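Quick notes on the structure that follows.
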Amino acid sequence: MRRALALSERAMFTTTPNPRVGCVIVQDGRVIGEGFTQPAGQDHAEVQAMKDARTRGESLRGATAYVTLEPCSHYGRTPPCAKGLIEAGVKRVIAAMEDPNPLVAGRGLTMLRDAGIEVRCGLLEHEAREMNIGFVARMVRGTPWVRLKVAASLDGKTALHNGVSQWLTGPAARADGHAWRARACAILTGIGTVREDDPALTVREVETTRQPLRIVVDSHLDISPTAKVLANGNALVVCANGAPDRVSRLHDLGVEVLDLPNPNGKVELSALLRTLGERQLNEIHVEAGYKLNGSLLRERCVDELLTYLAPSIVGDAQGMFNLPALTSLDDKLTLSFTDVRMIEGDLRVMARFQRD
């Protein structure tokens, strides 16, 4: 199963909106076939593994399939994998976890059992769930997994008051941040960051086969047509009652505009996440300024913090989040640390909020 999980990592950047899945087929203690999910509309991991075995001249009859997610049971862009395993004569299937997709949700395992195949589920389930944390979130609650990245000094400052922020952390931490960008379906920022830094928000420090969608929260459509984040399209600007001429100007650049106002004339962030879930986006990576970061936290739109701390002290400067002062510690936002490690000279801290 660990080998199957390693194979699923090869699908990290390519399977959206499908989950990342790996499969290993074993016969008499020998691995006879391996596979991982191909881009949407192409082979799933089980089909790839069965093809691999047949290419090697191996028989699948009586074999055991280890797969990181329950084999699908429905016809989508491809036929059901459970049916393919049954027809191949596989004797046993060991799955890491059930598929949270309501179209499957245990039906694949039931189909296999009804065909006389021995089925076990739950081996390395935590690791399998982490591999597809965004897919699971979208299937269960209808919204993507939101990971908010911040780079700061040891005293929690992200930029000087004049806007200077490059570079607080070192090259290794920045490359690690790009790896998290690459696995996301979309990168979210705000108009303040676009004005101050004019970032491209593309993946450059690691190899990737695709660039995530870039999303800018810009209530009044103040974004410049020459902003790097809009270059080459693949961008979405979210506003609140945008002026028609500004909308038209962005459309002429091949940029989509989404109008999602709240009663205060700002973008309704919870509605944005619901919309992104409907568009089958699994993971959202946030790289924004302290104002949008604070708004996302206040609206309970963040699942996970990805924080890089540099071994430096800046003093009076911009903080990580624009949040109101508390009068009681009972009102603090509470997280759980999930990973703490050194990235060369910087410290990477990952923590999660408890959300329903």
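As the structure is a prediction and not an experimental result, all values here were calculated from the model. Residue numbers run from 1 in the order of the sequence given.
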Starting from the C-alpha separation in whole Å, work towards a yes-or-no answer on side chain to side chain contact (heavy atoms under 4.5 Å, CB included) for R3 and V31. CA-CA 10 Å; R3 173 59 182 166; V31 172; 6.0 Å; no
Quick one: does [X]'s side chain get under 4.5 Å of [Y]'s, heavy atoms only?
X    : Y    : result
N293 : N322 : no
R246 : D222 : yes
S73  : L112 : no
P212 : F13  : no
V67  : L85  : no
F36  : T14  : no
T68  : M97  : no

Flag, side chain of [X] to backbone of [Y], donor-acceptor distance under 3.5 Å:
X    : Y    : value
N262 : N264 : yes
R348 : M342 : no
T158 : G319 : yes
T37  : V21  : yes
N241 : P261 : no
T193 : G289 : yes
D303 : V146 : yes
N282 : P144 : no

Start with the C-alpha gap between R300 and L333, add the side-chain angles, then the distance that decides, and say whether side chain to side chain contact (heavy atoms under 4.5 Å, CB included) holds. CA-CA 10 Å; R300 301 296 193 269; L333 298 177; 3.6 Å; yes
Taking NZ, NE, NH1 and NH2 as the nitrogens, is one of them in [X] or [Y] under 4.0 Å from a carboxylate oxygen of the other?
X    : Y    : value
E118 : K91  : no
R30  : E58  : yes
R249 : D245 : no
K83  : E87  : yes
E205 : R174 : no
R341 : D339 : yes

Dump the intermediate steps for side-chain hydrogen bond (donor to acceptor under 3.5 Å, both in side chains) on T110 and R107, then the final yes or no. CA-CA 5 Å; T110 298; R107 294 181 182 86; over 6 Å; no
Could you give me the CA-CA distance, side-chain angles and deciding distance for E130 and R20, then say whether salt bridge (charged side-chain N to carboxylate O under 4.0 Å, His left out) is met? CA-CA 10 Å; E130 287 297 306; R20 307 150 180 147; over 6 Å; no
Would you kindly say whether [X] and [Y] are connected by a side-chain donor-acceptor distance under 3.5 Å?
X    : Y    : result
Q38  : D43  : no
H285 : E287 : yes
R204 : T202 : yes

What heavy-atom pair brings R56 and D52 nearest, and what distance separates the two atoms? NH2-OD2, 2.9 Å
Of all heavy-atom pairs between Q211 and V203, which one has the smallest distance, and what is that distance? OE1-N, 2.7 Å
Before giving the answer on side chain to side chain contact (heavy atoms under 4.5 Å, CB included), spell out for T16 and Q280 the whole-Å C-alpha distance, their side-chain angles and the decisive distance to 0.1 Å. CA-CA 8 Å; T16 301; Q280 298 186 306; over 6 Å; no
Could you walk me through whether R61 and S59 pass the side-chain hydrogen bond (donor to acceptor under 3.5 Å, both in side chains) check? CA-CA 6 Å; R61 190 156 298 280; S59 171; 5.6 Å; no
Does E127 form a side chain to side chain contact (heavy atoms under 4.5 Å, CB included) with R2? I'd like the steps, not just the answer. CA-CA 9 Å; E127 291 86 342; R2 291 199 183 279; 4.1 Å; yes
Step by step, work out the salt bridge (charged side-chain N to carboxylate O under 4.0 Å, His left out) result for R181 and D176. CA-CA 9 Å; R181 275 187 189 182; D176 190 72; over 6 Å; no
